[in-house]
There are 2 protein chains.
Amino acid sequence: MICVTLHFVNTRTLDGMATAASPRQEQKQRTRRALLDSALELLEQESFSSLSLREVTRKAGVVPTAFYRHFDNMNELGLTLIDESFRTLREMIRSARSERAPEDVIRRSVEILIHYVREHRAQFRFIGRERHSGVTELRAAIGTELRLFRSELATDLARFPYLRDWTTEDLNMMADLLVNALVSTAEGILDAPTDSPEAEEEVIATAEKQLRLIVFGVPHWKSG
Amino acid sequence: MICVTLHFVNTRTLDGMATAASPRQEQKQRTRRALLDSALELLEQESFSSLSLREVTRKAGVVPTAFYRHFDNMNELGLTLIDESFRTLREMIRSARSERAPEDVIRRSVEILIHYVREHRAQFRFIGRERHSGVTELRAAIGTELRLFRSELATDLARFPYLRDWTTEDLNMMADLLVNALVSTAEGILDAPTDSPEAEEEVIATAEKQLRLIVFGVPHWKSG
DNA sequence: TGTACATCAGTGAACGCGCGTTCACTGATGTAC
DNA sequence: TGTACATCAGTGAACGCGCGTTCACTGATGTAC
């Protein structure tokens, strides 16, 4: 055990990179990727609880038993997919944040969202679907990640001058509204017929209006 | 075939009610109910796509083949559950509407929502879960019903004086925001630990704030 | 560099299980006279 | 009302199927000398 660990460390040090990269390791990683990608692709059409190990290995082009060289069970594969999908979401929010003082924050944010949803359809579909799924373990994992995501957004909101004196709780409440609107926009894009740009345009327009309503309603809502 | 129909009409006329009510019919209805109730109960823990015909009949206390005396297949049972669940939702909105000029529309609406979610946990769970499920037919049915629901709400909104000159599209957009907030509130209630009134109280407080933000943000949002 | 042995990703046969659906049936309820 | 026949909700055996998981295996890659 210790030997294995030391060897791994040595490899990293010698190569200067984390990419282990012996032919055998490379092949193993390729198969692992094939399993994950196959699963994600199948999950565009069905939900995780009805996705079978055999379906995944069949699509990946390996024998069912090979699966166990990579994951203990299907749930472990599911958790890996959640991890990777939220990495994409964080990359998205980072990308939105890095736009310094754009002319129109809201329009630009929606554009970025649309871009990411289009580029990572399967991941968004998966998260949106399993968020309410019957698989307790996955649902819990997604719930935790979404709460984290919401907190990050709340922190961003706190930077806006006219939100500076809000309580954390209220900022979270607002972040919650925004996340809900963004999630349902993503769903709208995913469900829009792919050959209808008008349907997509409408989803985008609605999203912008909703965000505007939430953001610009803020300075006045306490007066109600 | 014609005879059967005539006989049915006669029965209704004679009895004066639609409740057919021969002992055999009554027993059949009881079994049908048992199948629907068993399915709904099982659906609190798992999603529809992984719910089996045999599980349902086992719980209902009949042999698997008896199922076919009541439904062609599981999807048909699912569609029936959707129908019944939306009946509950409409009853809820009707109940909210019938409150004439309550002191605080928003607080009262949230109270009514909470009440209905508590009384019909399984139905709300089912709709919330299958809304994004992998079963295309059910998802489509729920989508249609929700769109209808949103339109009804938009019509209600049009009655408020300061929304009178809004376009239908904008009213729908706002109804969409409200429905999203209500749905996520219902989810919050369902997921709150049953032994923690504080957790529930927080969900309720957040819901009220969100609705207030949406409603009172309205008169000012166009200025943004 | 060459050889002998170790590792281990992927194979293929086999298992027991729960599934949806078929079919011929039973016996209580309903109908006609 | 009583009898003879029809209906039909629910039964129980049987089927073929895809599933997850086990096990002993193979042969290419890796390691030690």
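We name chains A, B, ... by the order of the sequence lines, and we start the count at 1 in each one.
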D:dG18 phosphate, OP1 or OP2, under 4.0 Å from A:Ser52 side-chain N/O: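 No, no such contact exists.
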Partner set under side chain to side chain contact (heavy atoms under 4.5 Å, CB included) for B:Ala141, not counting sequence neighbours: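 B:Ala141 satisfies side chain to side chain contact (heavy atoms under 4.5 Å, CB included) with B:Leu79, B:Ile82 once adjacent residues are dropped.
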Rounded to whole Å, how long is the line connecting atom [atom1] of [X] with atom [atom2] of [N]?
X: B:His70; N: D:dA9; atom1: NE2; atom2: P; result: 7 Å
X: A:Arg58; N: D:dC17; atom1: CZ; atom2: P; result: 14 Å
X: A:Lys28; N: C:dT11; atom1: NZ; atom2: P; result: 14 Å
X: B:Asp72; N: C:dT22; atom1: CG; atom2: C1'; result: 15 Å
X: A:Arg33; N: C:dG10; atom1: CZ; atom2: P; result: 15 Å
X: A:Arg54; N: C:dC19; atom1: CZ; atom2: C1'; result: 15 Å
X: A:Lys59; N: D:dG18; atom1: NZ; atom2: P; result: 18 Å
X: B:Glu76; N: C:dG20; atom1: CD; atom2: P; result: 16 Å

DNA chain C: stems of at least 3 consecutive Watson-Crick or G-U pairs whose donor-acceptor distances fall under 3.5 Å: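 Output for stems: C:2-33 with D:2-33.
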What is the nucleic acid contact for [X], judged by heavy atoms within less than 4.0 Å: base, sugar-phosphate only, or nothing?
X: B:Arg32; value: nothing
X: B:Val62; value: sugar-phosphate
X: B:Tyr68; value: base
X: B:Arg30; value: nothing

Residue pair B:Ser47 / B:Ser133, side-chain donor-acceptor N/O under 3.5 Å: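 Judged by distance alone, the side chains do not pair up.
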Position toward the 5' end of DNA chain C (nearest nucleotide), B:Glu55 or A:Val63: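 Of the two residues, A:Val63 wins.
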Salt-bridge present (A:Asp176, A:Arg147; N to O < 4.0 Å):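 Between A:Arg147 and A:Asp176 there is no salt bridge, as every charged N stays at least 4.0 Å from the carboxylate O atoms.
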Electrostatic pair B:Arg108:B:Glu111 at N-O distance under 4.0 angstrom: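 Answer for the salt bridge query: yes.
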Close side-chain approach of B:Arg32 and B:Thr80, heavy atoms under 4.5 Å: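 The answer is yes; the side chains approach within 4.5 Å.
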Close side-chain approach of B:Ile214 to A:Leu177, heavy-atom, < 4.5 Å: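 Yes - at least one pair of side-chain heavy atoms lies under 4.5 Å apart.
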Rounded distance [0.5 Å steps], CE in B:Met92 versus CD in B:Glu119: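 The CD atom of B:Glu119 is 13.0 Å from CE of B:Met92, to the nearest 0.5 Å.
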Aromatic plane relationship, A:Phe71 with A:Phe67 - under 30° parallel, 30 to 60° tilted, over 60° perpendicular: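 Geometry flag for A:Phe71 against A:Phe67: tilted rings.
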Near-ring test B:His120/B:Phe124, centroid separation under 6.0 angstrom: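 No, ring centres 6.0 Å or more apart.
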Check the interface with nucleotides 23-29 of chain D: list each N/O to N/O pair with the protein under 3.5 Å, or write none.
| residue | atom | partner | partner atom | Å |
| --- | --- | --- | --- | --- |
| D:dT29 | O2 | A:Arg24 | NH2 | 2.8 |

